[in-house]
Amino acid sequence: MKAFAALLDALVYTTSRNRKLSLLADYLRDTSDPDRGWAMAALTGELDFPAVKSSTIRNLMKDRVDPVLWSLSRDFVGDTAETASLLWPGGNSDVHPPSVAEVVELLANLTRASAPAELPKLLDQLNPNGRFALIKLATGGMRIGVSARLAKTAFAQAFDVAVEEVEEYWHALDAPYPELFAWAAEGGDPPDVSNRPRFRPFMLAHPLEDTVVDLTDFAVEWKWDGIRVQLVRVAGQTRLYSRSGDDISATFPELLDAMPLDAVLDGELLVRGSQQGGEIGGAASFNALQQRLGRKTVSKKMLAEFPAFVRLYDALIVEGEDLREWAWSKRRTALEKLIARLPESHFDLSSLVEARNFEHLAAIREGTREDAIEGLMLKRRDSAYIAGRKVGLWYKWKRDPLLVDCVLMYAQRGSGKRSSFYSDYTFGCWDGDPDQGAELLPVGKAYSGFTDAELKKLDRLVRQTTLNRFGPVREVERTLVFEVAFDSVHSSKRHKSGLAMRFPRIHRIRWDKPVHEADRIENLRSLIRD
Amino acid sequence: MSAPFSWIRSEPWGVHVVPADCWVDPGRAVERALVTHGHADHARGGHGETIATSETLAIMELRYDTRAGTTPVQYGETIKIGGSVDATFVPAGHVLGSAQILLEHAGERVVITGDYKRRPDPTCTPFEVIPCDIFITEATFGLPVFTHPPIEEEIGKLSRALSDHPDRCVLVGAYALGKAQRVIAELRAAGHGDPIYLHGAMEKMCQLYQDHGVDLGELRLVGDHDKQDMRGSIVVCPPSALNDRWSRRLPDPITAMASGWMRVRQRARQRGVELPLVISDHADWNELTATIDEVDPVETWITHGREEALLRWCELGQRRARALALVGREDEDE
């Protein structure tokens with residue numbers, strides 16, 4: 001538990017992705033089985049101990065600490081696990097801490113009835129950092145910025161194996177993944193995962209930019225604004241994976257139930273509606289899908305209000321036959337045949353965009369904004385399905401971004417290399433006529449789209465025009481206009497301005513433009529396509 | 001005969017010793033001030049007469065205008081003020097020259113701790129327990145979550161970070177008066193003999209400590225050296241410079257901060273600290289409560305900090321206590 005607690009602590013204080021990777025890789029190399037496997041499962045949120053809840057911890061503390069002192073402390077610290085780890089009357093010693101595996105085994109055998117007596121025995125063997133690690137492990141929700149993708153990358157880095165292979169095996173195996181470590185760390189045979197619903201890395205696209213392609217070589221599809229998913233069914237077990245390989249099956253149970261045959265399918269997860277692409281063959285906006293994302297359980301109401309479906313792009317494996325080596329056009333024919341066997345309620349086929357030539361296609365792309373579709377996908381007709389982003393096979397051709405002029409309002413220090421620079425900018429638009437006393441309301445935040453030289457200049461401006469400081473944030477005088485690019489804008493109850501931008505980034509810095517000429521909220525609102 | 005302890009009054013800007021017409025650690029300029037130690041939330045310039053230990057006066061002279069009149073006192077020395085109040089300065093163990101002030105009048109004894117700690121500190125004289133009727137204590141870390149680990153552990157973390165990353169430097173944010181010198185002295189005690197680099201704002205105070213016999217070893221100014229020279233070294237700066245442009249001249253610094261607040265993860269994260277060092281010059285929760293038990297006063301008055309929790313602790317132990325609302329008292333680490 002000592003090394004795991006130290007790892008957790010180091011991850012908490014590290015913002016740089018590269019340093020997180022090397023911390024994780026070091027831990028995986030230096031720790032033995034099965035501790036390292038359990039630790040990875042804990043960090044990626046794959047462990048669940050139903051007998052221990054945050055309230056279990058609070059109740060334990062109630063018996064040990066005066067309630068007034070507890071609540072004063074909890075308010076100051078802001079985190080139940082951390083407060084409990086500091087207030088536990090066990091002191092600082094951890095002479096014989098249990099191993100991660102012992103902890104996992106004990107936690108897994110707990111019941112709601114036995115937890116109040118058994119947990120204290122564990123807590124007594126640990127120091128404050130160990131107790132923090134234990135409580136986080138037991139109650140879930142590490143929130144230390146380690147995604148499944150980051151963990152897999154670290155694993156690949158630790159043992160010098162290909163991350164694509166790690167991804168192939170990872171989800172097919174169960175914690176603590178002995179087969180995975182035997183293969184990567186000990187040089188054993190690759191795990192046999194043929195009968196498991198595992199994730200296959202996606203084939204990805206490059207931006208088209210200035211490339212011109214011949215449409216006799218390339219097929220074209222719409223680029224729908226949902227999330228890319230992979231639906232896998234093997235021997236009757238079904239899983240839904242996100243683009244990063246996270247298992248999101250629990251969030252969309254209706255799709256698992258609707259899958260009638262063993263296959264691996266690639267598609268866009270969308271919600272029924274007409275905001276994108278209209279009544280026929282359209283879908284709801286991304287905003288609607290967002291209501292469903294990130295939930296552990298789904299209510300009947302959510303299912304009825306935001307019915308999800310998969311618009312299929314590709315078939316990787318169908319009933320045991322691997323199609324990935326096939327040309328796209330042959331896979332497409334197979335997919336068109338397959339769709340007849342899938343329920344219409346939860347599946348449809350991504351339709352092809354017919355264009356006479358590239359110029360005609362460019363004209364069609366111009367119209368995607370009106371249809372609220374993200375853009376176009378261009379796929380080489382003779383290309384196999386190849387994991388990763390191989391040049392020349394698939395292109396994405398997004399519609400042009402929307403642009404709006406906003407005024408810099410707040411700046412926040414960046415992290416890592418940028419920690420001495422004010423590099424994250426919050427900007428606003430006018431809520432009326434600025435010459436009639438209108439005010440600026442924040443509409444978005446961006447931290448990219450400028451050069452290092454521009455960053456230095458912006459940093460200087462922030463320091464010279466600071467009005468107020470709130471911790472790492474500075475409020476600045478309203479002197480600078482940003483031309484902000486963004487993909488779309490949606491209504492949002494969470495923001496005072498009533499809207500939220502997708503992918504905002506600084507397009508140009510308008511050092512020349514007076515702030516009263518920046519855009520008004522109403523201009524931005526007129527672009528909402530919810 | 002006036003009511004018991006009516007001669008000592010708490011006002012928002014300081015404690016008023018009525019019969020001597022003088023103030024302890026006043027937040028505004030007064031005719032006569034007794035000053036416990038040199039931190040800015042206790043010491044300020046512009047008083048008519050400033051009474052403090054000679055070390056505290058030397059520190060104040062670096063920072064403020066104290067020329068109007070100073071009366072140096074030694075630890076253990078008792079001076080009479082205003083004819084009827086005896087004041088004795090007793091070591092507080094907080095920083096160089098820091099003192100508790102024992103005030104005696106009409107057979108009643110009041111101790112004002114100023115800021116204090118109970119841990120050993122190579123840069124100052126250790127705290128002494130003095131029996132009294134009213135004990136006016138600080139409560140900066142007056143929450144039971146604050147227990148400072150042994151300083152050897154924290155210095156060990158610092159040394160490990162240094163040896164794990166020979167191409168980088170460790171930048172330690174530490175308050176310029178007290179914390180910085182204590183961290184340096186503890187590093188020296190742990191066998192760290194290499195030169196330590198200083199932010200310019202630290203130079204004079206470190207010199208003052210050395211002039212008072214505190215050995216800090218070889219110190220160099222960051223401004224006099226190239227980036228490359230500082231690889232594998234410790235650099236000490238005020239907390240405000242940690243994420244400032246100034247740090248760009250350092251070789252890929254690991255940001256550390258020495259403060260009792262580092263006990264709480266979010267506090268460290270908010271400041272962008274990678275290596276939190278829980279090192280404090282204040283008493284932690286256990287020291288605060290143990291000290292009250294040892295002193296065993298008739299009444300405990302609690303100032304600047306998290307008074308509520310300590311007040312609650314007194315209530316649970318059936319001790320008489322009250323919170324004083326002094327303004328302008330700040331956590332020097334913030």
Side-chain angles (χ1 to χ4, degrees), chain A residues 6 8-16 19 22-23 26 61 64-79 81-89 91-92 127-129 132 136 143-145 412-422 456 459-460 463 469-473, chain B residues 141-150 153 157 160-161 164-165 168 171 240-250 252-257 261-278 284-286 289 305-313 315-317 334:
Chain A
L8 213 58
D9 238 27
L11 288 171
V12 165
Y13 298 120
T14 307
T15 48
S16 143
R19 275 183 206 139
S22 69
L23 284 168
D26 287 348
M61 296 312 294
R64 288 163 174 83
V65 178
D66 172 64
V68 175
L69 292 179
W70 164 263
S71 70
L72 288 169
S73 299
R74 170 66 185 72
D75 285 352
F76 182 85
V77 174
D79 180 275
E82 186 169 0
T83 313
S85 75
L86 292 168
L87 289 188
W88 186 260
N92 277 312
N127 69 7
N129 282 352
F132 177 73
K136 285 288 179 193
R143 288 174 209 276
I144 48 167
Q412 182 168 1
R413 279 208 200 101
S415 55
K417 271 209 162 84
R418 282 174 162 190
S419 64
S420 75
F421 292 97
Y422 286 89
K456 276 191 184 160
D459 179 67
R460 205 173 316 132
R463 290 169 193 276
R469 294 164 192 230
F470 313 95
V473 178
Chain B
F141 289 106
L143 270 181
V145 292
F146 290 111
T147 50
H148 309 324
E153 275 179 24
K157 277 195 217 164
R160 268 195 303 285
D164 287 352
H165 304 279
R168 304 175 70 186
L171 176 62
S240 60
L242 270 184
N243 293 310
D244 192 37
R245 281 170 294 177
W246 172 81
S247 66
R248 291 177 205 166
R249 65 183 70 186
L250 302 174
D252 194 14
I254 299 168
T255 334
M257 169 125 167
W261 302 115
M262 296 297 107
R263 190 70 172 164
V264 175
R265 285 176 179 78
Q266 273 316 321
R267 283 286 184 124
R269 286 183 75 166
Q270 277 159 10
R271 298 205 58 131
V273 170
E274 289 168 83
L275 180 67
L277 303 170
V278 190
D284 69 6
W285 174 259
N286 294 331
T289 52
R306 267 129 284 274
E307 296 96 352
E308 279 173 291
L310 206 53
L311 212 53
R312 171 70 178 172
W313 177 85
E315 184 189 319
L316 290 171
E334 291 296 284

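Because only heavy atoms are used, hydrogens play no part in the values below, and waters and symmetry mates are left out as well, while side chains stay in. Every chain is numbered from 1 and lettered A, B, ... according to where its sequence line falls, protein lines coming before strand lines.
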- Item | Distance under 6.0 Å and angle within 45° of ring axis: A/R460 vs A/Y422 | no

Heavy-atom proximity to chain A below 4.5 Å, by part of [X]:
X: B/V145; answer: both
X: B/L316; answer: side chain
X: B/R312; answer: side chain
X: B/W285; answer: side chain

- Salt bridge present between B/R248 and A/D459 (N-O < 4.0 angstrom): yes

- For the pair B/D244 and A/R463, find out whether any cationic side-chain nitrogen is under 4.0 Å from an anionic carboxylate oxygen. yes

- Task: Quick one: which of B/T255, B/V273, B/N243 has the most heavy-atom pairs under 4.5 Å with chain A, could you say?
- Result: B/N243

- Contact class of A/D75 relative to chain B, heavy atoms under 4.5 angstrom: neither

- Item | Heavy-atom pair of closest approach, residues A/A81 and A/D79 | N-OD1, 3.1 Å

- Top contributor to chain B interface from A/D9, A/T14, A/T83, A/V12 [non-hydrogen pairs under 4.5 Å]: A/V12

- Note on the structure: Given the options B/R269, B/R168, B/K157, B/E274 meets salt bridge (Lys or Arg N to Asp or Glu O under 4.0 Å) only with B/R168

- Does atom CD of A/Q412 have more than 12 heavy-atom neighbours from other groups under 6.0 Å away? yes

